[in-house]
Amino acid sequence: MLISILVNAVSVFLASYVLRGVMVNNFWTALIVAVLLAIINAVIKPILIFLTIPITILTLGLFILVINALLLMLIDALLEGLKIKNFGWAVLFGIVLSIINGLLSWILNV
């Protein structure tokens with residue numbers, strides 16, 4: 001659990017470095033983002049996915065990208081050290097974050 005949060009924090013930091021529209025102040029902020037993301041993904045995301053099953057099926061699962069972006073924007077609103085310019089950058093941040101997190105998890109066998 002702790003290793004996956006650290007991997008997620010590194011992913012947040014690297015994704016913010018790659019994307020111009022996302023700014024993370026420092027690694028500690030990325031760590032807090034990773035913890036908040038883990039909590040929100042465990043508590044709020046399943047409820048949102050359940051409530052939006054019809055539109056998710058209708059869009060062949062692409063609506064989950066919207067849910068991820070909205071959750072990232074929620075974390076942006078809660079945390080002072082994270083700044084996401086707009087919804088489009090949040091969608092792109094979610095995609096890049098997933099790719100980096102998957103690669104790092106695969107490399108580290110987490």
Side-chain angles (χ1 to χ4, degrees):
M1 175 76 177
L2 182 63
I3 299 289
S4 67
I5 289 179
L6 286 174
V7 168
N8 203 4
V10 170
S11 300
V12 167
F13 199 67
L14 288 176
S16 70
Y17 183 75
V18 170
L19 300 172
R20 288 183 301 143
V22 179
M23 186 190 76
V24 175
N25 285 348
N26 52 35
F27 185 74
W28 294 111
T29 304
L31 190 61
I32 295 170
V33 169
V35 169
L36 285 175
L37 196 57
I39 293 169
I40 287 175
N41 280 340
V43 177
I44 298 174
K45 189 174 180 179
I47 296 168
L48 287 177
I49 289 176
F50 178 74
L51 292 175
T52 60
I53 286 175
I55 195 166
T56 303
I57 291 171
L58 191 62
T59 61
L60 303 175
L62 290 177
F63 193 72
I64 292 178
L65 293 174
V66 173
I67 292 172
N68 287 340
L70 290 173
L71 294 177
L72 286 169
M73 293 194 73
L74 173 66
I75 294 172
D76 176 32
L78 294 174
L79 198 58
E80 192 68 31
L82 173 67
K83 179 65 183 142
I84 301 174
K85 276 190 179 179
N86 55 32
F87 183 76
W89 283 109
V91 171
L92 193 57
F93 183 51
I95 293 169
V96 171
L97 184 63
S98 295
I99 292 170
I100 293 173
N101 198 5
L103 286 173
L104 287 177
S105 296
W106 178 65
I107 290 170
L108 298 173
N109 289 326
V110 175

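What you are looking at is a predicted structure, and each value in this text was computed from that prediction instead of being measured.
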Side chain to side chain contact (heavy atoms under 4.5 Å, CB included) between Val12 and Phe93, worked out: CA-CA 9 Å; Val12 167; Phe93 183 51; 4.1 Å; yes
Mind checking the [atom1]-[atom2] spacing from [X] to [Y]? Nearest 0.5 Å is all I need.
X	Y	atom1	atom2	result
Ile64	Leu71	CD1	CG	11.0 Å
Ile32	Glu80	CD1	CD	11.5 Å
Ile3	Asn109	CD1	CG	12.0 Å
Trp89	Ser16	CH2	OG	12.0 Å
Leu82	Leu37	CG	CG	10.0 Å
Thr52	Phe63	OG1	CZ	5.5 Å

Does [X] share a hydrophobic cluster with [Y], counting links as ILVMFWY side-chain heavy atoms below 4.5 Å and allowing steps through other members?
X	Y	answer
Met23	Leu19	no
Val43	Ile75	yes
Phe50	Ile67	no
Leu65	Ile47	no
Ile53	Leu51	yes

Taking all non-hydrogen atoms of both residues, which atom of [X] and which atom of [Y] are closest, and how far apart?
X	Y	result
Phe13	Phe27	CE1-N, 3.8 Å
Pro46	Asn41	CD-O, 3.3 Å
Arg20	Lys85	O-CE, 4.4 Å
Ala9	Ala34	N-CB, 3.6 Å

Expected output: side-chain Ser105 to main-chain Gly102 donor-acceptor under 3.5 Å: no
Donor-acceptor pair, side chain of Asn101 and main chain of Leu97, under 3.5 angstrom: no
Side chain to side chain contact (heavy atoms under 4.5 Å, CB included) evaluation trace for Thr56 with Ile49: CA-CA 8 Å; Thr56 303; Ile49 289 176; 5.6 Å; no
Between Asn26 and Thr29, a side-chain donor and acceptor under 3.5 Å: yes
Student check: side-chain heavy atoms of Leu31 and Leu6 closer than 4.5 Å: yes
Beyond-backbone contact of Leu72 with Asp76, side-chain heavy atoms, under 4.5 angstrom: no
Chi angles and distances behind the side chain to side chain contact (heavy atoms under 4.5 Å, CB included) call for Phe87, Leu70: CA-CA 8 Å; Phe87 183 76; Leu70 290 173; 3.9 Å; yes
Val35/Asn8 under side chain to side chain contact (heavy atoms under 4.5 Å, CB included): CA gap, chis, key distance, verdict: CA-CA 9 Å; Val35 169; Asn8 203 4; over 6 Å; no
Asn68 vs Lys45, side-chain hydrogen bond (donor to acceptor under 3.5 Å, both in side chains): CA-CA, chis, key distance, verdict: CA-CA 8 Å; Asn68 287 340; Lys45 189 174 180 179; 2.8 Å; yes
